[in-house]
Amino acid sequence: MSKKRRNGGRNKHGRGHTTFIRCDNCGRTVPKDKAIKRFQVRNMVEAGCQRDMREASVYETYTLPKLYMKLQYCVSCAIHSRVVRVRSRTARKIRDPPPRFRGPRPGDKPAGGAGAAAAAKK
């Protein structure tokens, strides 16, 4: 019989049994090696209140703590909430992680530069 995935949808190679975890979204029990795991880092305070707290603080260089959460989803919830996407048969063979896109850092120059802005004005 043909196989859809090289690993059978799991990361269990050589182990007979793995423990079960509960999906963070729906509560379904999922094998720990099959669950889709994501690590989410958020600020404890939303952006609007951060400035107010910084101005009211006695300390000048106080950094607010972050909230670290390890999220574990079952396959159906991960697909439904777009944590992972359905891929074509040929795209399933690609095993390297997708590229990370990050916003511009403070202090970086704009992508166009000064020359592009002057050329656009003409």
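Here the structure is a predicted model, which is why all the values come from computation and not from measurement.
In this structure, the side chains of Cys23 and Gln72 stay at 4.5 Å or more apart for every pair of heavy atoms. Counting heavy atoms from C-beta on, the side chains of Ile21 and Thr29 never come closer than 4.5 Å. Between Glu46 and Gln50 there is no side-chain heavy-atom pair separated by less than 4.5 Å. No side-chain heavy atom of Cys74 sits under 4.5 Å from any side-chain heavy atom of Lys34.
For Asp24, there are no salt bridge (charged side-chain N to carboxylate O under 4.0 Å, His left out) partners at least two apart in sequence or on another chain.
The shortest non-hydrogen separation linking Tyr73 to Val83 is CE1-CG2, 3.9 Å. Nearest heavy-atom pair across Ile36 and Ala78 is CD1-CB, 3.9 Å. Taking each heavy atom of Arg87 and Arg92 in turn, the nearest pair found is O-NE, 3.4 Å.
The residues Lys12 and Asp33 are annotated as not salt-bridged, no charged nitrogen and carboxylate oxygen being separated by less than 4.0 angstrom.
Remark: Arg51 CZ is loosely packed, at most 12 non-hydrogen atoms of other residues, nucleotides or ligands lying under 6.0 Å away.
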- [ ] Before giving the answer on side chain to side chain contact (heavy atoms under 4.5 Å, CB included), spell out for Cys77 and Arg28 the whole-Å C-alpha distance, their side-chain angles and the decisive distance to 0.1 Å.
- [x] CA-CA 10 Å; Cys77 284; Arg28 180 181 186 162; over 6 Å; no
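Here the side chain of Lys37 pairs a donor or acceptor atom with the backbone of Ala35 at under 3.5 angstrom. Checking side-chain atoms of Asn43 against main-chain N and O of Val45 turns up no donor-acceptor pair under 3.5 Å.
Tyr59 and Met53 fall within the same hydrophobic cluster, where Ile, Leu, Val, Met, Phe, Trp and Tyr residues are linked whenever their side-chain heavy atoms come under 4.5 Å apart, directly or through other members. Phe20 and Val75 are not part of a single hydrophobic cluster, where members link through side-chain heavy atoms under 4.5 Å apart.
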